[in-house]
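One-based numbering, in listed order, for ligands and for the atoms of each.
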Amino acid sequence: MKSVEIAGGGIGGLAMGAMLARDGWKVRIHERDDAVREVGAGIYIKNNSIEVLEDLGIFERMIPLGTKLEKAQIQFADGSVRQERQLEGLSRVHVFPRQVVVEALLEAAKGFGAEVVLNSQVAGATPQGVLKMANGEQCQADLIVGADGVNSAIRSSLDMKSGFKLLPTIIDRFLIDSREFTREPKTVEHWSGNRRIGVTPSGDGQTYVYMVAPESDRAARVMPLDVEDWSRRFPLLAGLMRELGAVPDATQFNYGIVHCEHWSRGRVAIIGDAAHGLPPTLGQGAGLTLINAYALAHHLRKEPDVERALSEWERNVRFISDATQAWSRRYDSFTRQWPTKLDFMRPLITWSFGHVKSLNDRMRIADRGLRTAGIEIGGGGGHAG
Ligand SMILES: Cc1cc2nc3c(=O)[nH]c(=O)nc-3n(C[C@H](O)[C@H](O)[C@H](O)COP(=O)(O)OP(=O)(O)OC[C@H]3O[C@@H](n4cnc5c(N)ncnc54)[C@H](O)[C@@H]3O)c2cc1C
C-alpha cells in the first residue's frame, strides 16, 4: 500500500486525501489548527468544483445547504444591468457557506479511510519524501503533498523559485442571516468607480457579501464599515450597508498571488493555493484546487512511478491554472485601476466580456474542468461511506 502525508486540512488537503484514500493509499492529513475550519464567509462553487464533488459522492448532500444560482449580473451604481450571464451547463454555480464545503470534504476523506491529525504543524519536506514536523519529528512516505495555503511551509522548504505577493486590493467579506436583499437566485456585482460589492444568496437564510476596493482608498478600508461613505457610492444598497455596518466580525484581506515555477520536486507535490493562489475575481481558487487534486490522483493511478506521475500531472494540467491566474489578475487590474476619465468606455468593455464567446471561453477556461486536459471526471471508483 502506498502512503501519502498531506500538509494542510483545507479544501485542497481534504480533497486530495479523500481521492487517494479512495484509490487505496494510506493517507494522513496534518492540520495545524485545532479544528478543520474555513476563514471567510461564502464561496462560489462552480462547474469544475461540482464535477469533482459529485465524483466524490458528496455534492447531493451539500445542495440543500446552499443556493443554486440562475444568473450573474454586473450592475452599475445607478442600477443599470451592464452584463448578464445565465449560469447553466458548464457555467453552473452554487453558493455555500464555506464551512459546508470543508465539512463535506472532511466527511469524505474520513469515509474513505484517511486519518486527519489536528494541532499538527508541518515545517517542510525533502524531495526524497520526508515530511518534517514543527516539533522535530519526521515521517517518510511515498508521496508528500503540500496543501498548506499561500504561505506554504512545504513550498518554502524546497527552494522552488516561488513566492507569495500581496496585491493592492482589499476585500471584506460578510455572511449575514437574512435573505432580505437576495430574494432571487442570482448573484449581482455592483460597480461604482473602483469599488465593487458582490451580493449573493448563500442557502435558505443567508446572504454572502464581498466588498472590494483599491488599498489606496482610505475610506473603504475603515472597519467597522463607514456606512455613510459606502452608501454614498452605492445609494441603492444603503439598507444593506446599514446592516453590514452592525456586523462585528467581518474579515478584511488583501488580494494575493502565488508564483510557483514548479509544482513538484522529487516525491513532493504542491497543490491548491500553495501552488497557484490567485485573486478571487473569477471565484476559481477552490475550483482549480479541486481539479488539480483530481488530476494528480488520476496521474498517480496511470503511472506507478510517483516522480514521473508528478511531472506528467504538471505538464498536462498546469496551463488551466496559469491562464486562470493571468485572467484573474487582469480582472483585478481592470476594476482597480480603470481611470475615471475613461469611465464612458466601461459599459462597452463590460458588455463585451459578457457577450463575446471566445473571450469568455478563454477567461473562464477553468469552468470547463479537466476536459481541456483530456481527463474525464467520473468513474473514480466509489463514494464516501
Ligand atoms: C477573498 C477570497 C474569496 C474567494 N472566493 C472563492 C470562490 O468564491 N470560489 C472559489 O472557488 N475559490 C475562492 N477563493 C479561493 C479559495 O478559498 C482557495 O483557493 C481555497 O480555499 C484553497 O484551498 P487550499 O486548501 O489550497 O488552501 P487553504 O484554504 O489556505 O488551506 C490550507 C490549510 O493548511 C493549513 N496549514 C497552513 N500551514 C500549515 C502547516 N505548516 N502545517 C499544517 N497545516 C497548515 C491551514 O490551517 C489551512 O487549513 C477565494 C479566496 C479568497 C481569499
Side-chain angles (χ1 to χ4, degrees), residues 5-17 28-50 52-53 66 69 72 93-99 101-102 105-106 116-125 131-135 145-157 164 166-167 169-174 187 189 198 200 202 208-212 250-258 260 270-293 321 324-325 328 332 366-367:
E5 300 280 347
I6 299 175
I11 290 173
L14 293 170
M16 189 77 257
R28 190 155 56 167
I29 302 168
H30 301 268
E31 169 54 46
R32 69 177 168 192
D33 275 352
D34 58 3
V36 164
R37 68 168 80 84
E38 278 281 302
V39 178
I43 188 162
Y44 293 89
I45 290 296
K46 302 197 165 178
N47 176 64
N48 52 351
S49 294
I50 296 171
V52 175
L53 297 170
L69 298 177
V93 183
H94 290 239
V95 183
F96 294 98
R98 276 182 173 257
Q99 197 61 20
V101 181
V102 278
L105 286 168
L106 176 64
V116 180
V117 191
L118 301 173
N119 298 307
S120 187
Q121 176 139 0
V122 166
L131 184 72
K132 298 177 176 175
M133 307 304 300
N135 64 8
V145 175
D148 47 350
V150 290
N151 292 308
S152 170
I154 299 279
R155 192 186 67 218
S156 309
S157 71
F164 171 54
L166 290 176
L167 298 170
T169 305
I170 52 155
I171 179 164
D172 307 332
R173 287 179 289 173
F174 304 83
T187 180
E189 193 169 272
T200 188
S202 175
Y208 167 40
V209 182
Y210 61 85
M211 305 172 70
V212 183
T251 54
Q252 185 170 88
F253 286 104
N254 272 74
Y255 280 4
I257 191 142
V258 169
C260 188
I270 308 290
I271 66 160
D273 276 6
H276 48 64
L278 70 173
T281 44
L282 296 174
Q284 268 298 355
L288 294 177
T289 301
L290 289 170
I291 59 171
N292 289 334
S321 303
T324 307
Q325 237 190 2
S328 70
D332 172 40
D367 287 3

Is the Phe96 ring parallel, tilted or perpendicular to the His94 ring (thresholds 30°, 60°)?
parallel
So which heavy atom on Gly285 is nearest to which on Thr289, and how close?
O-OG1, 2.7 Å
Closest non-hydrogen atom pair, Ser321 against His276
OG-CD2, 3.9 Å
Could you check Leu288 against Gln325 for side-chain contact (heavy atoms from CB on, under 4.5 Å), going step by step and ending with a plain yes or no?
CA-CA 10 Å; Leu288 294 177; Gln325 237 190 2; 6.0 Å; no
Give the protein residues with at least one non-hydrogen atom closer than 4.0 Å to an atom of ligand 1, ordered by chain and number.
Gly8, Gly9, Gly10, Ile11, Gly12, His30, Glu31, Arg32, Glu38, Ile43, Tyr44, Arg98, Ser120, Gln121, Val122, Ala147, Asp148, Gly149, Ile171, Arg173, Gly272, Asp273, Pro280, Gly283, Gln284, Gly285, Ala286, Gly287, Thr289
Judged by atom type as modelled, is there a donor-acceptor pair below 3.5 Å linking the side chain of Gln121 to the main-chain atoms of Asn135?
no
Only one of Thr281, Leu166, Ile170 forms a side chain to side chain contact (heavy atoms under 4.5 Å, CB included) with Tyr255, so which one is it?
Thr281
